[in-house]
2 protein chains.
Amino acid sequence: MADQTNGRSPRAQQIVETARALLEEEGVGALTMRRLADRLGIKAPSLYKHFPDKRAVEVALISLLFEELAEALEAAEAAEADSSGARDPLTELFAAYRTYALAHPHLYRLSTEGPLPREALPEGLEERAAMPLVRVCDGSEHLSRAVWAFAHGMVALEIHGRFPPGADLDKAWRTGLAAFSG
Amino acid sequence: MADQTNGRSPRAQQIVETARALLEEEGVGALTMRRLADRLGIKAPSLYKHFPDKRAVEVALISLLFEELAEALEAAEAAEADSSGARDPLTELFAAYRTYALAHPHLYRLSTEGPLPREALPEGLEERAAMPLVRVCDGSEHLSRAVWAFAHGMVALEIHGRFPPGADLDKAWRTGLAAFSG
DNA sequence: GTCTATACCCGGATAGAC
DNA sequence: GTCTATCCGGGTATAGAC
C-alpha cells in the first residue's frame with residue numbers, strides 16, 4: 001500500500017481525485033481544465049496555482065493507474081501463494097488485470113492510448129507494475145511481454161466493443177490462458 | 001482487390017486520399033476539416049458539399065483500413081498455401097498484421113481507439129478482415145479471438161512505445177506464435 | 001462546387017487585482 | 001489561493017453569393 005500523494009498538497013490531492021472522478025464518469029473528452037474547475041467549485045485559472053499545466057494532472061492520473069494496477073496484481077499474486085497451489089497464478093493475474101481495467105476503462109485508456117510520461121512517473125513504478133507478470137513467467141522477458149500483449153489486447157478490444165456482440169469472452173481468456181500455460 | 005471507392009465521386013475520393021495522407025503524416029490530431037481543406041487548396045466549408053460531416057470522412061478512412069488489412073491477410077494466406085506447407089500459416093498472418101499496422105500506425109489507431117461504425121461500414125467487410133485468422137484457427141471462435149487479441153496487443157503496445165527501449169519484440173511475437181501453435 | 005463571412009462553442013493558458 | 005478579464009487559437013458547421 002504505497003503512498004500515492006507523491007508529496008502533493010492536500011488541495012492538489014483533492015484536484016487529482018476530482019479529475020479522476022470526472023474522467024471515469026465522463027471520459028477523456030470531458031477532462032478539461034474548465035470542467036475540472038467546475039466540479040471543484042472554482043475557476044479554471046485557479047488550477048494553475050496547483051499544477052503547471054493540464055498534462056501534469058494527466059500524469060498524476062496515469063501514476064494512479066500504475067499504482068493501483070500494481071497493487072491489484074500483487075494482491076492476486078499473494079492470494080494465489082496463500083492458497084498453496086490450489087489456484088493457478090496466471091489465471092489469478094489475468095482476472096485481476098481484466099477486472100481492474102474494465103472497472104476503470106477511461107483511466108485505462110488515458111494511460112494506454114497516449115504517450116507514456118516515463119520521466120515524470122515515480123521511479124520504479126512502471127517496473128513494479130510489470131513484475132508480477134514477469135515473476136509468473138519465471139523471469140522470461142519474452143514470455144511475459146507476449147502474455148502482457150494478450151491481456152492488453154483482450155482488454156482493449158473489450159473496452160472498445162470490438163468483439164462481436166454476445167461473444168463469450170471468458171472462453172477467449174481461458175483459451176489464451178491455456179496457450180500460455182501449456 | 002475490391003473496389004474501395006464505394007460509389008463516391010472522384011472528388012470525394014480525392015478528399016479521402018488527401019485525408020489519409022494528412023492522417024498518416026501528422027496523426028489524428030492533425031485531421032481537421034480546416035487542415036484537410038488546406039491540403040486540397042480549398043476552404044473548409046467546401047468539404048461539406050462532399051461529406052455530411054467529419055465523421056463520414058473518418059468512416060471512409062476506417063473502411064479503407066479494413067479493406068487493406070483484409071487484403072494483406074488474404075495475400076499472406078494465399079502465399080502460404082502456394083508454398084505447399086513450407087511456411088507456417090499463423091507466422092505469415094502475424095507478419096502481415098504487424099507489418100501493415102506498423103506501416104500505418106495513425107490509421108490503425110483511428111480505426112482501433114474509437115467507436116467502430118459498424119452500421120456505416122460496407123456490408124461484410126469487418127467479417128472479411130477477420131476470416132483469415134478464423135480459418136487458420138480451424139474455425140474456432142475462441143482461439144481466433146485470443147490470437148487476435150495477442151496480435152492487437154503487440155501492435156498497440158509497440159505503436160505506443162510501451163515496451164522497454166531495446167526490447168526484442170521479434171522474440172515476443174515468436175513466443176506468442178509458439179504458444180498458440182503448440 | 002467553391003467562395004466569403006460568420007455563428008457558435010470549446011480548449012489551454014496568462015496577467016493582475018484582491 | 002482565488003478571482004475577473006482576457007488572449008489566442010482551434011474546431012464543426014451553416015447561409016448565401018457567385
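Quick note on labels: first sequence line is chain A, next is B, and so on, each numbered from 1.
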B/S/- contact track for nucleotides 4-18 of chain D, protein heavy atom under 4.0 Å:
BB-----BBBB----
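Annotation: A/Tyr100 is not in aromatic contact with A/Tyr108 [ring centroid separation under 6.0 Å not met]. In this structure, A/Phe150 has its ring center no closer than 6.0 Å to that of B/His152.
For the pair B/Asp170 (side chain) and B/Trp173 (backbone), a donor-acceptor distance under 3.5 Å is absent. A distance-only check finds no donor-acceptor pair linking the side chain of A/Lys171 to the backbone of B/Glu141 [under 3.5 Å].
Ion pairing of A/Glu25 with A/Arg39 is present here, as a side-chain N (NZ or NE/NH1/NH2) and a carboxylate O approach within less than 4.0 Å. Taking 4.0 Å as the cut-off between side-chain N and carboxylate O, B/Arg109 and A/Glu113 do not count as a salt-bridged pair.
Within a heavy-atom distance below 4.0 Å of DNA chain C, no residue of residues 112-119 of chain A is found.
The ring-ring contact (aromatic ring centres under 6.0 Å, His included) search around A/Phe163 returns B/Trp148, not counting sequence neighbours.
The CD atom of A/Glu26 sits 11 Å away from the P atom of C/dG11 (whole-angstrom rounding). Here D/dC3 presents its C1' atom at 13 Å from CG of A/Leu47, a figure rounded to the nearest Å. A straight line from CD of A/Gln14 to C1' of D/dG1 spans 13 Å, rounded to a whole angstrom.
Taking OG of A/Ser46 as the reference point, atom CZ of A/Arg11 lies at 8.5 Å (rounded to 0.5 Å).
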